[in-house]
Amino acid sequence: MEDIVYYNELYDLYGGLLTDTQKKYFEDYYFHNLSFSEMAENYGVSRNAAFKQIHIVTDKLEEYERVLQLKKKKEEILLI
């Protein structure tokens, strides 16, 4: 559950930096709670390709946070 909240926060901050396809995969998995199999069927790809796309997107979001640290700065400002 913590991962879902964490990645949603990163998506709110950095989602604009993702491609449209990456946004669709992320939203289907984290917002619409689709399984990898369901996403694979929707996009006409293998289950493994859908799994890989989610990991690519979450890795990018983590990298953006590592470099830009907007989430960390926001939390410092809000004193969370």
Side-chain angles (χ1 to χ4, degrees):
M1 183 67 167
E2 290 178 21
D3 283 350
I4 294 171
V5 172
Y6 175 73
Y7 287 122
N8 281 328
E9 289 176 350
L10 293 184
Y11 184 79
D12 286 344
L13 293 168
Y14 306 115
L17 300 173
L18 300 173
T19 67
D20 289 339
T21 301
Q22 290 170 333
K23 289 177 190 177
K24 287 178 188 177
Y25 274 93
F26 183 92
E27 290 173 5
D28 280 350
Y29 186 71
Y30 284 100
F31 296 166
H32 306 297
N33 202 28
L34 295 183
S35 69
F36 296 124
S37 298
E38 291 169 321
M39 289 189 299
E41 186 177 319
N42 289 346
Y43 296 117
V45 299
S46 68
R47 183 188 173 285
N48 192 46
F51 176 82
K52 186 174 180 181
Q53 277 299 314
I54 292 299
H55 281 282
I56 288 170
V57 172
T58 55
D59 287 348
K60 278 190 173 207
L61 293 173
E62 289 172 352
E63 178 66 10
Y64 293 144
E65 176 59 17
R66 187 187 68 74
V67 173
L68 300 172
Q69 298 184 349
L70 296 179
K71 182 180 181 312
K72 179 181 175 187
K73 291 173 185 173
K74 178 183 170 186
E75 289 172 352
E76 288 173 356
I77 290 170
L78 298 175
L79 299 171
I80 294 176

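Worth saying up front: this structure is predicted, and the values here are computed from it rather than measured. Heavy atoms only: backbone and side chains are in, while hydrogens, waters and symmetry mates are out.
Atom CG of N33 is surrounded by 12 or fewer heavy atoms from other residues, nucleotides or ligands within 6.0 Å. When the shell of 6.0 Å around NZ of K24 is examined, it contains 12 or fewer heavy atoms from other residues, nucleotides or ligands. Heavy-atom neighbours of Q69 CD from other residues, nucleotides or ligands within 6.0 Å: above the threshold of 12.
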Please lay out, stage by stage, how E38 and E41 fare under the test side chain to side chain contact (heavy atoms under 4.5 Å, CB included). CA-CA 5 Å; E38 291 169 321; E41 186 177 319; 5.8 Å; no

Using the rule given for side-chain hydrogen bond (donor to acceptor under 3.5 Å, both in side chains), can you reason through Q53 versus Y29, listing the C-alpha separation, both sets of side-chain angles and the distance that settles it, and then say yes or no? CA-CA 10 Å; Q53 277 299 314; Y29 186 71; over 6 Å; no

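A heavy-atom distance below 4.5 Å is found between the side chains of Y6 and K71. At a threshold of 4.5 Å between non-hydrogen side-chain atoms, the residues M39 and F36 count as touching. Annotation: side chain of I77 is not in contact with side chain of K74 (no heavy-atom distance under 4.5 Å). In this structure the side chain of N8 reaches within 4.5 angstrom of the side chain of Y30, judged on heavy atoms.
Between F26 and Y11, the ring center distance clears the sub-6.0 Å criterion.
Separating the CD atom in Q22 from the OG1 atom in T58 is a distance of 10.5 Å, to the nearest 0.5 Å. The CD atom of E63 sits 9.0 Å away from the CG atom of L68 when rounded to the nearest 0.5 Å. How far CD of E65 is from OH of Y14: 3.5 Å, rounded to the nearest 0.5 Å. Atom CG of D12 is separated from atom CG of L70 by 12.0 Å, given to the nearest 0.5 angstrom. Rounding to the nearest 0.5 Å gives a distance of 13.0 Å between CG of L13 and OH of Y64.
Here the closest heavy-atom approach between residue S37 and residue R47 is recorded as OG-CD, 3.6 Å. Listed here is the closest heavy atom pair of A40 and A50: N-CB, 4.2 Å.
When hydrophobic clusters are built by joining Ile, Leu, Val, Met, Phe, Trp and Tyr residues whose side-chain heavy atoms come closer than 4.5 Å, directly or via intermediates, F31 is grouped together with L10. Linking Ile, Leu, Val, Met, Phe, Trp and Tyr residues whenever their side-chain heavy atoms come within less than 4.5 Å leaves V67 and I56 in two separate clusters.
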